Amino acid sequence: MAKTKTVYICASCGAKYARWQGQCRECGEWNTISEQKITEAPNAGAAVAQRALSGFAGAAGSGVSSLSQVKIQGTQRIPSTYQEFDRVLGGGIVPGSVVLIGGNPGAGKSTLLLQTVCRISEHVKVLYVTGEESLEQVAMRAHRLGLPTNNVQVAAETSIDNICTLTTGVAPQVLVVDSIQVMHVSGVESAPGSVSQVRESAAALTQFAKKTNIAVFMVGHVTKDGTLAGPKILEHCVDCSVILESGNDPRFRTLRCHKNRFGAVNEIGVFAMTDSGLKEVRNPSAIFLNRQEKLAPGSLAMVVWEGTRPLLVELQALVDYSQYGNPRRLSLGTDPNRLAMLLSVLHRHAGCQLADQDVFVNVVGGVKVEETASDVPLALALLSSFKGIAIDRTTIAFGEIGLTGEIRPVPSGQERIAEAYKQGFKRFIVPYDNAPRKISPDMEIHAVRRVDELIELVH
Ligand code: TYD
Ligand code: MG
């Protein structure tokens, strides 16, 4: 008979301990360790998958073979019918892949997946398993959104064993499990939602997907601090981890890829939540650049590179005399360390003294900029706010600033300029090495080499 034993597991990283302790030694988190009862069956999750798989060929270990002789089958991606979703996934749904969709409650995970499976059901076999909502709720939503439902198979189920059995009967190409936190797997005694249940359920589903070549979408909830509930192991075992999040504007949702075994990460897809469901936004620059008519000092548009495409966003800076001895430096959406570095470079190489000023920086629309191309726009926005001179609204900038005050080129300069020109920008402040050879007559290009040249451009 299986023996039950007690272990203490960290909810953040999944580390196991024999005794309770306040802080996890592996990840350093406090109060994440909780008691779990586990049954000593070796790898219960895998056992479940094996059981469910008995009807499928090739379930056993594959042995050793030459990489060139491994047969590649089913690499034809299934289009999700949403360009934004496809791009985030790296070009469509890969058969046999496991995709984790994370997000806050109410982000629209269930809506996005329901819309997707209904729309692809016309030419692909799908199964939508709901563990949180009743079948009526799902049907009502699909009906209200006017989605095609004739070919969509649904089931309300929370047992992974049953889901594997059901799936074997239906043989879908795409399976949705909403959500992994309410699933349980036989052989693991702890409550659904606990670390071991979530982990074993995900492991069983992943094995199942790999052996049967079914694309699986798992919904995962996000905790208050924005991390995926359940251990990080969940992110390790899936092929793709995608987060659906809402920024400052509650109407819009961005789909962001954190891990992708089949494509580039840092891709974003933008959707608008409307009263008739999620609608994709093909031209996100237009929404992030929704600027006021009369521009105040400290605001500037910049081009950032998100995954495989340029995105236009507005950057705002506020420089104000500090009333206290210790001036504040705050940046939202950009790296605070780069801000500190830029302030020093501006002082040393452009003679711009901001040491007694409070400095605040914000990227509008909740966009997070991780690349260095935001250095030049940031410096310009700081200068604009400091001098109290608004920058012309047709101006756009990008470029990296080095510690010796030089302005360095960034990748994809031509594409950034082309995108900004398409959106109506005429005045470009760009690194010298990114300046285009051929320009249209209505373009005004300022190719800059050093940071002190920026000062004259804010006038
Ligand atoms: P839902 O997909 O249930 O969120 P999740 O599964 O991520 O928890 O989305 C629910 C939210 O979306 C809810 O706050 C209402 C909103 N919504 C709309 O605004 N319009 C719609 O047509 C739908 C279906 C939902
Ligand atoms: Mg939901």
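Both ligands and their constituent atoms are indexed starting at 1 by order of listing. Since we're looking at a predicted model, the values are computed, not measured.
- A salt bridge does not link K109 with D178: every distance from a Lys NZ or Arg NE/NH1/NH2 to an Asp or Glu carboxylate oxygen is 4.0 Å or more.
- Residue-ligand proximity, R141 to ligand 1, at heavy-atom distances under 4.0 Å covers atoms 1 (P), 2 (O), 3 (O), 24 (C).
- Counting heavy atoms closer than 4.0 Å to ligand 1, residue P105 contributes backbone atoms (N, CA, C, O) but none from C-beta onward.
- For atom 15 (C) of ligand 1, the protein comes within 4.0 Å by no heavy atom at all.
- No side-chain donor from either of S97 and R261 sits under 3.5 Å from a side-chain acceptor of the other.
- Residue contact check for ligand 1: L278 places no non-hydrogen atom closer than 4.0 Å to it.
- Look at E419 and R416 and you find no salt bridge, because none of the NZ, NE, NH1 or NH2 atoms lies under 4.0 Å from a carboxylate O.
- Listed by number with element, the atoms of ligand 1 under 4.0 Å from a non-hydrogen atom of G277 are 21 (C), 22 (O).
- For ligand 1 and L145, the ligand atoms under 4.0 Å from any heavy atom of the residue are 22 (O).
- A salt bridge links E84 with R87; the closest basic N to acidic carboxylate O contact falls under 4.0 Å.
- The option from I101, T111, T274, D275 that lies nearest to atom 1 (P) of ligand 1, judged by heavy atoms, is T111.
- When A272, G106, G102 are ranked by how near their heavy atoms come to atom 11 (C) of ligand 1, first place goes to G106.
- Heavy-atom separations between G103 and ligand 1 are all 4.0 Å or longer.
- Of the protein's heavy atoms, S110 OG, 2.6 Å lies nearest to atom 6 (O) of ligand 1.
- Around atom CZ of R408, no more than 12 heavy atoms belonging to other residues, nucleotides or ligands sit under 6.0 Å away.
- Counting backbone and side-chain atoms alike, S110 contributes an N/O/S atom closer than 2.8 Å to the Mg ion (ligand 2).
- Assignment of R144 to the shell around ligand 1 is supported, since a heavy atom sits closer than 4.0 Å.
- Shortest contact from atom 4 (O) of ligand 1 to any protein heavy atom: G108 N, 3.2 Å.
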Go through it in stages, so that I can follow the logic: the residues are H184 and V188, the test is side-chain contact (heavy atoms from CB on, under 4.5 Å), and I'd like the CA-CA distance, side-chain angles, deciding distance and then a yes or no. CA-CA 8 Å; H184 59 88; V188 181; over 6 Å; no
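- The number of heavy-atom neighbours closer than 6.0 Å to NZ of K16, taken from other residues, nucleotides and ligands shown, is 12 or below.
- Of all heavy-atom pairs spanning M273 and G108, the tightest one is CE-CA, 3.9 Å.
- Only the side chain of M273 comes within 4.0 Å of ligand 1, judged by heavy-atom distances.
- If you check the side chains of S80 and D86, you find a donor sitting under 3.5 Å from an acceptor.
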